[in-house]
Amino acid sequence: MDPALSYGTGHGGVMKARPPTMREKKRYILARINPPVPDPDPKELYFAVLESVTSLFGDAQTARMMPVVISCGKGYALIRCTRGYEEQTRIALMTLTSVAERKIALHPVATSGTLLALKRRIARMPPLGWELVSPLQFKGSEYTARRYPGQKVDLLEKGIKSQELLFLTQDDLEEL
Amino acid sequence: MMDTDACIHPYPAGNSSARRMVLEAGEMGFRAIVIPGAAPGEYHGVRIIPAIIISETDVRKVTGQIRKRGNGVTLVLVDAGDNGFNRAVLTQRGVHCIRRIHRAPKNAFDHVSARLAEENGIAVDIDLSPLIQEKGVLRQKILYRYHDLMKLHSRYRFPLTLSSNACSVLDLRSPEEIRLLCTLFGMDKEDTSLALRTVWTLLSPTEQVMVVS
């Protein structure tokens, strides 16, 4: 038997890959995650992306778009979709508001035909740096502060349930 | 002329301070932002435009509020009501923008209102927050209302503004993202760019030159 015609390695041959011209063309979207820390779970992010695409464009269109979260971490997520649907995928990403009850926002940064180009772009971006300041008093409650380079400060209320998250600046804290 | 978010709601209405929202908006590409109740100013190169939101059901009360709180540098935003109310508001001097059209009853903003808005240079605000926050039937209804609004806009060319009505930095969307989002209800990118700059023309309207002698 011609090895090229066999269906799997079980028959003694090598499975022939689909020729490049017959493969589905893909596009890769790099999206910034806000707030960048903690990283969302990739599987939970995938379900959240799928949910937002489905709710906006419906099942039939989602099947054609095939959105997949390839990876996420360090404040960025890489999402794959079918070529020609990148604009709709970007719109759907903008309508994503939470991942597993945690409020987040995705901001599409770049779209590319290769994953490598986006990985190079991530490598060129400044590394995500922040320092933890704890405890910090704000309006009578105790918070943990996450201070980013520049002005941005995120405050997370200390507690077990329904912790309030506040987004402030260094100037706001100095004014207290 | 700069891209402007026509309304945001910082702390205590939301979970982000006004400075933080202005900072994030600046990073996204906005050069001005409208904040109800804020003092006019600038922070990290982004201009803060103060506004007042009037939420009344009686036009006389709206007039009273404009007389009391309007001062020329503050953007006056009025919440839409039924058809009669909207028509009356659109003839009021001092009103810059009518908002929350999607919450008004069906047919509350019709061809007559559209013509009045165009004649008096009063903008109609498109609130983007329900497109992001809502899902299902509610979002479908809002998309339908905005589609209808765009149909009227293509005929009467009244000014439009775009607002995120963000209560958090997580609700803010960049001008480029807004351009994409608006394609959902048939607003082309040129109209979106124009709508993002409308706030400036509302605050400094170009009046016709009159020969006095």
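In this text, all values refer to a predicted model and were calculated from it rather than measured experimentally. Chain A is the first sequence line, chain B the second, and so forth, proteins listed ahead of strands; every chain is numbered from 1.
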To the nearest 0.5 Å, what is the distance between OG1 on A/Thr95 and CG on B/Leu181?
7.5 Å
Given a strict heavy-atom distance threshold of 4.5 Å, which part of A/Leu93 is in contact with chain B: side chain, backbone, both, or neither?
neither
Answer key: most heavy-atom pairs under 4.5 Å with chain B among A/Lys103, A/Met94, A/Gln170, A/Gln88 is A/Met94
Under a 4.5 Å heavy-atom cut-off, does chain B meet the side chain of A/Ile104, its backbone, both or neither?
backbone
Side chain from CB out, backbone as N, CA, C, O: work out which of these in B/Ser168 comes under 4.5 Å of a heavy atom of chain A, or both, or neither.
side chain
Should the pair A/Glu175-B/Arg19 be classified as a salt bridge under the 4.0 Å nitrogen-to-oxygen rule?
yes
Proximity breakdown for B/Leu131 and chain A, heavy-atom pairs closer than 4.5 Å:
backbone
Looking at B/Arg20 and A/Asp171, is any side-chain nitrogen of the basic one under 4.0 Å from a carboxylate oxygen of the acidic one?
no
Which bit of A/Thr97 comes within less than 4.5 Å of chain B, counting heavy atoms only: side chain, backbone, both or neither?
side chain
Decide, yes or no, whether a salt bridge links A/Lys152 with B/Glu24 under the criterion of side-chain N to carboxylate O below 4.0 Å.
yes
Value rounded to 0.5 Å, distance of CD in B/Glu134 from OG in A/Ser55
11.5 Å
Just give me the residue among B/Pro10, B/Gly14, B/Ser17 that pairs up with chain A most often, heavy atom to heavy atom, under 4.5 Å.
B/Ser17
Look at B/Glu27 together with A/Arg32 and state whether they make a salt bridge at an N to O cut-off of under 4.0 Å.
no
Nearest-0.5 Å distance that lies between atom OH in B/Tyr11 and atom CG in A/Leu168:
8.0 Å
